[in-house]
Amino acid sequence: MSAGVAVVTGASRGFGLEIARALAADGHDVVGVSRGPEAMETADASAPGVAEQLIAKYRPSVVVLNAGVVPHTGPLHEQTWETFSQPWEVDVRQAFQWARAALLAPLDPGSLVVAMSSGAALAGSPMSGGYAGAKATVRFVARYAAEESARRALGIRFVALLPSLSPSTAVGGAGVRAYAGRQGIDVSAFVAAMDQPMTPDLVGAAVAELVAGGGPPGDAYTLSSNGLKAL
């Protein structure tokens, strides 16, 4: 018996792929959204109208907002506004579009929307332009949506997940290369100095735990190799 429909954006690789696999293993009918041809739904998750269309089509009980751009890396003075603002145009815009659509539809009571933020939202990331600020705003969007859901008694839960740096994703890999170069060491040395780096399968397991009702109470969580921690 199906556990319901789960929509996962950015599902073709990295965190998104492992989240989709974990939810499928738990019995969900997973709809993967990506701009790549291997996706079930080939679409730009941040584009206007996409969220409304897919929510109406699939009526998901779980939505995981994982799509995002690989930020341009370099110190502030080597950025342009166009490179600096890329995460705002994709990561933040996606969170806004889907949170808005979930509230307007609305999703059924008991539904869960997980917005993928980043540990950079807390610590900053001076080598990745507007990425850290964008991910902090993703967390705010989830909080605002949760407050609106409560105010209107919709019963939709919105949470933000802030995983630590993962060398094995496109975004994390770009960050590792940038910071290794800044320190004048090679990538392998940088990774070796990390304390149990985050991996996509750990993120998939953590999202599945939240969907199943596990994890500590809260509406935002950091995620490290030690598990979920409520903020």
Side-chain angles (χ1 to χ4, degrees), residues 6-28 30 32-34 36 38-39 45 62-71 73 87 90-91 94-95 112 114-125 127-128 131-132 134-136 138-139 142 159-183 185-216 218 220-231:
V7 171
V8 180
T9 69
S12 63
R13 61 183 183 177
F15 290 167
L17 179 58
E18 292 303 322
I19 291 167
R21 286 173 173 167
L23 294 178
D26 281 352
H28 288 85
V30 177
V33 182
S34 172
E38 66 278 14
V62 177
V63 176
V64 183
L65 303 176
N66 174 74
V69 68
V70 177
T73 55
V90 179
D91 301 51
Q94 176 209 212
L112 172 65
V114 180
M116 297 299 293
S117 178
S118 168
L122 301 176
S125 181
M127 287 292 285
S128 55
Y131 177 78
K135 287 302 190 180
V138 167
R139 180 187 173 192
V159 303
L161 187 60
L162 289 70
S164 58
L165 180 65
S166 173
S168 53
T169 66
V171 172
V176 165
R177 290 189 295 274
Y179 284 104
R182 191 182 198 190
Q183 294 178 20
I185 61 176
D186 61 33
V187 168
S188 60
F190 185 93
V191 173
M194 295 176 68
D195 181 24
Q196 295 182 292
M198 179 57 54
T199 59
D201 61 303
L202 291 176
V203 175
V207 171
E209 181 180 358
L210 290 173
V211 170
Y221 303 87
T222 58
L223 176 62
S224 69
S225 56
N226 295 319
L228 292 163
K229 181 180 180 181
L231 287 169

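Keep in mind that what you see is a predicted model, and the values were worked out from it rather than measured.
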*Asks:* Is there a side-chain contact between P163 and M116 in this structure, where contact means two heavy atoms from C-beta onward sitting under 4.5 Å apart?
*Replies:*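 Touching, per the 4.5 Å side-chain cut-off.
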*Asks:* Could you grab the distance from atom CG of L162 to atom NZ of K229, nearest 0.5 Å is fine?
*Replies:*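 One gets 12.5 Å once the value is rounded to the nearest 0.5 Å.
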*Asks:* Return the minimal non-hydrogen interatomic distance between V8 and A20, and the atom names on each side.
*Replies:*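 Closest approach of V8 to A20: CG2-CA, 4.3 Å.
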*Asks:* Working to the nearest 0.5 angstrom, can you tell me the gap between L161 CG and L65 CG?
*Replies:*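 With rounding to 0.5 Å, CG (L161) is 11.5 Å from CG (L65).
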*Asks:* Rounded at 0.5 Å granularity, tell me how far CD1 in I19 sits from CG in L210.
*Replies:* 10.0 Å
*Asks:* So which atom in V33 and which in A45 form the shortest heavy-atom distance, rounded to 0.1 Å?
*Replies:*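 For V33 versus A45, the nearest heavy atoms are CG1-CB, 4.4 Å.
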*Asks:* Please give me the minimum heavy-atom distance between A11 and G32, naming the atom from each residue.
*Replies:* CB-CA, 3.6 Å
*Asks:* Given side chains that start at C-beta, do those of P216 and L228 come closer than 4.5 Å, heavy atoms only?
*Replies:* yes
*Asks:* Evaluate side-chain contact (heavy atoms from CB on, under 4.5 Å) for F15 paired with V171, printing each intermediate quantity in order.
*Replies:* CA-CA 10 Å; F15 290 167; V171 172; over 6 Å; no
*Asks:* Between the main-chain N or O of G124 and the side-chain N or O of K135, is there a donor-acceptor pair closer than 3.5 Å?
*Replies:*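 No, the answer is negative, given that no donor and acceptor are paired below the 3.5 Å cut-off.
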*Asks:* Hydrogens and angles aside, do S125 and Y179 bring a side-chain donor and acceptor to less than 3.5 Å of each other?
*Replies:*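 Present: a donor and an acceptor within the cut-off.
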*Asks:* Taking S168 for its side chain and T199 for its backbone only, find out whether a donor-acceptor pair lies under 3.5 Å.
*Replies:*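 No, the answer is negative, given that no donor and acceptor are paired below the 3.5 Å cut-off.
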*Asks:* Is a side-chain donor or acceptor of E18 paired with a backbone partner of G204 at a separation under 3.5 angstrom?
*Replies:*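 Flag not set: sc E18 to bb G204 has no pair under 3.5 Å.
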*Asks:* For V70 and A170, work out which heavy atoms get closest and say how close.
*Replies:*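 In this case the closest contact between V70 and A170 is CG2-CB, 3.7 Å.
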*Asks:* So, T73 side chain and S128 main chain: donor-acceptor pair closer than 3.5 Å or not?
*Replies:*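 No, the answer is negative, given that no donor and acceptor are paired below the 3.5 Å cut-off.
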*Asks:* Step by step, would you call L231 with L122 a side-chain contact (heavy atoms from CB on, under 4.5 Å)?
*Replies:* CA-CA 11 Å; L231 287 169; L122 301 176; 4.1 Å; yes
*Asks:* Before giving the answer on side-chain contact (heavy atoms from CB on, under 4.5 Å), spell out for D26 and V211 the whole-Å C-alpha distance, their side-chain angles and the decisive distance to 0.1 Å.
*Replies:* CA-CA 10 Å; D26 281 352; V211 170; over 6 Å; no
*Asks:* For the OG atom of S117 and the CG atom of L223, what is their distance to the nearest 0.5 Å?
*Replies:* 12.0 Å
*Asks:* Using every non-hydrogen atom in the two residues, find where A178 and M127 come nearest and quote the distance to one decimal.
*Replies:*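 Result for this residue pair: O-CE, 3.8 Å.
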*Asks:* Closest approach of M198 and P167, non-hydrogen atoms and distance?
*Replies:*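 Taking M198 first and P167 second, the nearest heavy atoms are O-CD, 3.9 Å.
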*Asks:* Give a yes or no answer on whether the side chain of N66 reaches the backbone of G10 with a donor-acceptor pair at less than 3.5 Å.
*Replies:* yes
*Asks:* Under a 3.5 Å distance rule, please check whether Q183 uses its side chain to pair with a backbone N or O of F190 as donor and acceptor.
*Replies:* no
*Asks:* Applying side-chain hydrogen bond (donor to acceptor under 3.5 Å, both in side chains), name anything that partners D186, two or more places apart in sequence or on another chain.
*Replies:*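 Partners of D186 under the side-chain hydrogen bond (donor to acceptor under 3.5 Å, both in side chains) test: S188.
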*Asks:* Got a second to check how far L17's CG is from T169's OG1, nearest 0.5 Å?
*Replies:* 12.0 Å
